[in-house]
Each structure stands twice: as C-alpha cells, then as structure tokens.
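Start at 1 and go down the list; that is how both ligands and their atoms are numbered.
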Amino acid sequence: MRVVVTGATGRMGREVIDAAREAGHDVVAVSHSASGEIGGVEIEPAREFPTLLEEHEPDAAIDFTLPDPSVSYVWDCAEAGVPAVVGTTGFSEAQHGELREASEAVPVLQAANFARGVQGLLSAVREAVAALPEYDVELTETHHNGKRDAPSGTANRVLDAIDETRGDSLRVHGREGEAPREAGEIGVHARRAGDISGEHEVLLAGNHEELRLTHRAGSRGVFAAGALDAAEWLAGRSPGWYDFSDTLPDSES
Ligand SMILES: NC(=O)C1=CN([C@@H]2O[C@H](COP(=O)(O)OP(=O)(O)OC[C@H]3O[C@@H](n4cnc5c(N)ncnc54)[C@H](OP(=O)(O)O)[C@@H]3O)[C@@H](O)[C@H]2O)C=CC1
Ligand SMILES: O=C(O)C1=N[C@H](C(=O)O)C[C@H](O)C1
C-alpha cells in the first residue's frame, strides 16, 4: 500500500511512518514545519499536498495533526479522490460537519482511538451502564503532558456511548469548591503527565461496590497499527463516512 502521512514530525506521525515502513508500505511523509528526512523518508512540504496526491496516487492518507489542518488535508483528499484516515481529535461540530461533507466525495474514516481494546471498552461500558442504571458514573482520562485537547476524543466517545444507553447526562468537568454531586451527572477528569500514551477509566459506584473499566494503551504503536489497518481496509471503498468499528472482524458479517 502507498500511504501519505501528514503531521510527519508529530508524535503520531513519526509512529505511523515507522510502523508503515516496517510493514513494507510505501510512505510519503508530509510536514508543514520541517524538511530533510524522517524515519528514512524524505519530508515533503505541506503546501505541496494537493500535488503530492496527484503525483503519488496513494491508496490512503493518514492524518494525526490538529483540527484546522486536518480538515484542510481531508478537503484536498476529497478533491484528489484519496481515501482519508483521520486520527486527529478535538474537532468542533462545524469541523466534524466539514469532514462528513468531504466524505460524500471519498471514503473518510475518523476515529478518536485506533486501539482495538477501546471498542471493547465501549461495549463493556454500554453493558455496565444498562445493567447498573442507578450507579454513579465518573470518567478519568490520563495522557502525556503535550496533549492539547481535553477531555480526550476517546473520553467524549465514551460519554456519548453512556448517553446513548441511559439518556443525556450532565457532564461536570472537574469539581471545585461547593460542588455536591447531582443524581445522574457524570464527572469528567483529565490528567496530563509525563509521556503516558493514553488511559481511560470509567468508574461505576453504588450499592457499596465499585466497578472500574479501564483501557490503557501500552504505547503509541497500538494507535499507529490500528490506523494502518484502517487505511488498508478503507482503500478502494466507496465514498462515505466510516468508523473504526466497521473495520473489525464481527462488523463484516
Ligand atoms: N485516534 C487515535 O488513536 C489517536 C489520536 N491522536 C490525536 O492525534 C492528534 C495528534 O497527536 P500528536 O501526534 O500527539 O500531536 P503532535 O503535537 O505531536 O503532532 C501534531 C502534528 O501536527 C502538525 N501540525 C501542527 N500544526 C500544523 C499546522 N498548522 N498545519 C499542518 N500541520 C500542523 C505538526 O507536524 P508537522 O510540523 O510535521 O506538519 C505536529 O507535529 C491529536 O489530535 C491527538 O489527540 C493521538 C494518538 C492516538
Ligand atoms: O493525544 C493523544 O495522545 C491521544 N489522543 C486520543 C484521544 O484524544 O482520545 C487517543 C489516545 O488516547 C491518545
């Protein structure tokens, strides 16, 4: 497969380039800030992105950047007919709308988390919340100190899954001062420290007991591998909006 990787010098960009090269894929690395070489691949300037898509005719583009450049890269993919895998998080509703609009022209797969275990976490959370409707729910996510968006994209996805199961909840982001817990609210806590790849814990408590559902990514390689799997799956699909769960085995049936 030939992949174009944007945000080449970022934490995830580097990881995807290394994983893609290791898997024997042909990589075009794109950066808005750097030149030279990365992971043994020559860096191409972001301003040339549309031309690079035309020249290299990649099977897919993989983007882990920031919301604004991500939307712009996906529009270029739509123009060039290149499938786009988007791992970037922190989009506004309007930006999400733009990605969806672009997916009318090309296949677009956006996922807040490319770790397979997070799909398991989502299923387990839905089941637990349905089985324990009266229990208090709190969500804590922990990431490295360079992360910009909070709560994480995955945390928002988990919160949406809870709401899909038990109806819209009040999300309380941290607590300070006089802040008694209200029935049904969900406390959301974002911790930033060191180089933690990503941890999400959903706590359900009631009836003098606790249930903790936790996903912990052991390294960023997990996300890179998932994004590459998604790119292989997406290449050659019809235009449309896809989810990472669509790529996993039991969704093909
Ligand atoms: N879905 C998932 O599984 C995962 C998602 N993420 C998400 O991926 C995103 C990136 O994370 P991470 O790699 O840690 O972040 P980094 O800050 O390390 O990398 C982001 C990169 O984006 C590029 N960039 C920044 N500003 C611009 C701009 N104005 N125009 C074009 N490119 C720009 C830069 O690369 P360059 O200068 O080379 O262009 C930068 O290094 C985040 O939203 C994060 O939440 C992270 C991990 C897993
Ligand atoms: O920024 C990160 O690092 C991560 N971001 C994603 C998110 O916002 O959920 C996924 C993962 O947890 C790592």
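The ligand atoms of ligand 2 that sit less than 4.0 angstrom from a heavy atom of Thr89 are 7 (C), 8 (O). In the vicinity of His200, heavy-atom distances shorter than 4.0 Å reach the ligand 2 atoms 12 (O). Within ligand 2, the atoms closer than 4.0 Å to a non-hydrogen atom of Gly153 are 7 (C), 8 (O), 9 (O), numbered from 1 in the order shown. Listed by atom number, the atoms of ligand 2 under 4.0 Å from Asn113 heavy atoms are 10 (C), 11 (C), 12 (O). Residue contact check: Ser152 has heavy atoms under 4.0 Å from atoms 7 (C), 8 (O), 9 (O) of ligand 2.
Ion pairing between Asp195 and Arg11 fails under the 4.0 Å rule for side-chain N and carboxylate O. Between Arg100 and Glu93, none of the side-chain N atoms (NZ, or NE/NH1/NH2) sits under 4.0 Å from a carboxylate O, so this pair counts as no salt bridge. Using a 4.0 Å cut-off between charged nitrogen and carboxylate oxygen, Asp160 and Arg171 count as a salt-bridge pair. Checked for salt-bridge contact, Arg166 and Glu134 miss the test: no charged N lies under 4.0 Å from a carboxylate O.
Here the side chains of Thr142 and Arg216 are not in contact, with every heavy-atom distance at 4.5 Å or above. Residues Pro58 and Leu53 form a side-chain contact, since some pair of their non-hydrogen atoms from C-beta on lies under 4.5 Å apart.
Among the atoms of Thr154, some N or O lies under 3.5 angstrom from an N or O of ligand 2. Annotation: Gly198 places no N or O atom under 3.5 Å from an N or O atom of ligand 2; distance criterion only.
When hydrogens are left out, the protein atom nearest atom 10 (C) of ligand 2 is Ala112 O, 3.2 Å; that is the closest non-hydrogen contact. Atom 5 (N) of ligand 2 has as its closest protein heavy atom Lys147 NZ, 3.2 Å. Regarding atom 12 (O) of ligand 2, its nearest protein heavy-atom neighbour is His143 NE2, 2.5 Å.
Here the NE2 atom belonging to His200 is positioned 4.0 Å from the OG1 atom belonging to Thr154, to the nearest 0.5 angstrom. Separation of atoms CH2 (Trp233) and OH (Tyr242) is listed at 5.5 Å; rounding is to 0.5 Å. For the atom pair NE2 (His215) and CD (Glu199), the distance works out to 10.0 Å, reported to the nearest 0.5 Å.
With 3.5 Å as the limit, one finds no donor-acceptor pair spanning the side chains of Glu210 and Tyr135. With no hydrogens or angles considered, no side-chain donor-acceptor pair links His144 and Ser197 at under 3.5 Å. With hydrogens and angles left out, the side-chain atoms of Glu98 and His96 include no donor and acceptor closer than 3.5 Å.
Remark: distances from the non-hydrogen atoms of His144 to ligand 2 include one below 4.0 Å. Residue contacts with ligand 2: Ser197 is included, with a non-hydrogen atom under 4.0 Å away. Look at Phe223 and you'll find a heavy atom under 4.0 Å from some atom of ligand 2. Heavy atoms of Glu199 come nearer than 4.0 angstrom to ligand 2 in no pair at all.
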Step-by-step side chain to side chain donor-acceptor pair (under 3.5 Å) determination, Gln95 to Asp68: CA-CA 8 Å; Gln95 287 167 326; Asp68 275 337; 2.9 Å; yes
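Closer than 4.0 angstrom to ligand 1 sit non-hydrogen atoms from Gly7, Ala8, Thr9, Gly10, Arg11, Met12, Ser31, His32, Ser33, Phe64, Thr65, Leu66, Pro69, Tyr73, Gly87, Thr88, Thr89, Ala111, Ala112, Asn113, Phe114, Lys147, Asp149, Phe223.
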